[in-house]
Amino acid sequence: MKITDIQIYANCPDRNFVTVKIKTDTGLYGLGDATLNGREMAVVAYLTEHIKPCLIGKDAHQIEDIWQYLYKGAYWRRGPITITAISGIDMALWDLKGKVTGLPVYQLLGGKSRSKIKVYGHANGNSIEETLTNLGKLIDQGYKAVRLQCAIPGLDSSYGVLSDKKDYFELQSSRPLPPEQPWDTLKYLNFIPSLFQKAREKYGNEIELLHDVHSRLTPIEAARLGKALEPYHLLFLEDAVTAENQSNYQVIRNHTTTPLAVGETFNSIWDAKELIETQSIDFLRSAATHSGGITAMRRQADFASIYKVRTAPHGPPDISPIGHAAHAHLNAWVPNFGIQEFVGFGGQKMSKVFSHPLRYEEGYLHLNDAPGLGVDFDEQEASKYPYKRSYLPVSRLEDGTLSDW
Ligand code: KDG
Ligand code: MG
């Protein structure tokens, strides 16, 4: 099965996605997601200029060798641009192997470890009341686990709150430069425990609750928050601090029993090695699209399992349906799977461009048995929605200091 061509698409069906299509001499093609929010065209250039010429004529069955060739062969290892490009190629090759064998990817990984995939939804709001109303709506839709984010009183805007937007998929900024958002740690730390206290008062202990700090704290501040949230027993507290310095998580761990999750910006198993070995985290949140594709995620899951760390792949709106499908196949197989983040399937434009193998029902995703990843991509339809440059926001403190977003 020789690779005859690789096409790379950047489109914006409500938000930007980078799609890789690998064509072969069998007539079959594979699809991969190479979307890196806010830096899409850097990945497109890497794929077009540096990867594509090396792969034409290669055997598409050689997934492992191609992964090693692109990783070790670049000499310049890791980094989000390189790894997102490799991830797109890797997913497309797994998709192809599934199509040529007639099997869904989870079968190639070793078969199903479970019949359905537990997800957590997002409830957010401009006030505690609004957030809890939205939590109630998700409970009514059958969700067993929900992430709570709420506008912080006294701050103009807060991470994870939709404000006037109705849908996550509309969230991409249309401003020409990164929007700036305020941050105040004291206001945040004084407020967040009351959100969870009221959630438990209103909805009891059956529903699993989660929260994303989005890397805004120092380790000792995160330890304080973890302790304050202990009475409300979260499933996990996400991204309490950035993890460039993996030992930061030991500081948090030494002070609190609130379970910890991190990993959505990880490019490699090396980003998580010390976190896992020192048992500083409970859930690894790396994503197939940003962490080396299915080949790399499989290795990370196996390594994490030795330390009783479970997987909880990042599932934001800025991963395409191809990336979400890759997670679903991994989640069906990974023995130490924890939970999948899920924000819905996107709007009308997206569903015209991508078809996918997933169905939501009562707090779980169900995956069908289509060969490969089970996703298709309509190039004709996609061409109606050209890429639009867009940036993630930046954070500043009240005095103007640039802070972690
Ligand atoms: O592109 C950045 C988003 O993917 C990220 O902000 C979403 O933190 C996020 C999450 O947990 O989904
Ligand atoms: Mg997050």
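Bear in mind the structure is a predicted one, so any value in this text is a computation, not a measurement. Count residues from 1 along the sequence. Atoms within a ligand are numbered from 1 in the order they appear, just like the ligands themselves.
Of the protein's heavy atoms, E264 OE2, 3.5 Å lies nearest to atom 5 (C) of ligand 1. In this structure, the protein non-hydrogen atom closest to atom 6 (O) of ligand 1 is H214 NE2, 2.8 Å. Distance from atom 3 (C) of ligand 1 to its nearest protein heavy atom, with residue and atom name: D318 OD1, 3.4 Å. The protein heavy-atom contact nearest to atom 12 (O) of ligand 1 is E341 OE2, 2.6 Å.
Near Y159, meaning under 4.0 Å from any of its heavy atoms, are these atoms of ligand 1: 6 (O), 7 (C), 8 (O), 9 (C), 10 (C), 11 (O). Per-residue contacts place E238 under 4.0 angstrom from the following atoms of ligand 1 (heavy atoms of the residue considered): 11 (O). Every atom of ligand 1 with a heavy atom of R285 under 4.0 Å away is listed here by number and element: 10 (C), 11 (O). Contact atoms of ligand 1 toward P316: 4 (O), 12 (O) (distance under 4.0 Å to a heavy atom of the residue). Taking every heavy atom of W405 and a limit of under 4.0 angstrom, the matching atoms of ligand 1 come to 6 (O). Proximity to D212 (heavy-atom distance under 4.0 Å) selects the following atoms of ligand 1: 8 (O), 9 (C), 10 (C), 11 (O).
Nearest N, O or S atom of E264 to the Mg ion (ligand 2): atom OE1.
Any N or O atom pair closer than 3.5 Å counts here, and H314 shares at least one such pair with ligand 1.
A centroid separation of less than 6.0 Å is found between the aromatic rings of F345 and H356. Ring-centre distance between F303 and Y307: below the 6.0 Å cut-off. The six-membered or imidazole ring of F283 lies away from that of F337, with a centre-to-centre distance of 6.0 Å or more. Side-chain rings of Y159 and W183 stay apart, their centers remaining 6.0 Å or farther from each other. Between F354 and F17, the gap from one ring centroid to the other is short of 6.0 Å.
Of the heavy atoms in L392, only side-chain atoms (C-beta onward) come closer than 4.0 Å to ligand 1. At a heavy-atom distance under 4.0 Å, no atom of Q172 approaches ligand 1. Neither the backbone nor the side chain of Y120 has a heavy atom within less than 4.0 Å of ligand 1.
Here D212 reaches the Mg ion (ligand 2): one of its N/O/S atoms is less than 2.8 Å from the metal. Residue contacts to the Mg ion (ligand 2): E238 brings an N, O or S atom closer than 2.8 Å.
For the residue pair N267 / H290, no side-chain donor-acceptor distance below 3.5 Å is found, with atom types taken as modelled. Looking only at atom types and distance, the side chain of E230 has no donor-acceptor partner in the side chain of Y232 under 3.5 Å away. Between the side chains of Q172 and N37, a donor-acceptor pair is found at a separation under 3.5 Å.
Under a cutoff of 6.0 Å and an axis angle of 45°, K23 and Y29 do not form a cation-pi pair. At least one test fails for K118 against the ring of Y364: distance under 6.0 Å to the centre or angle within 45° of the axis. With a 6.0 Å cutoff to the six-membered ring centre and a 45° limit on the axis angle, K52 does not count as a cation-pi contact of Y46.
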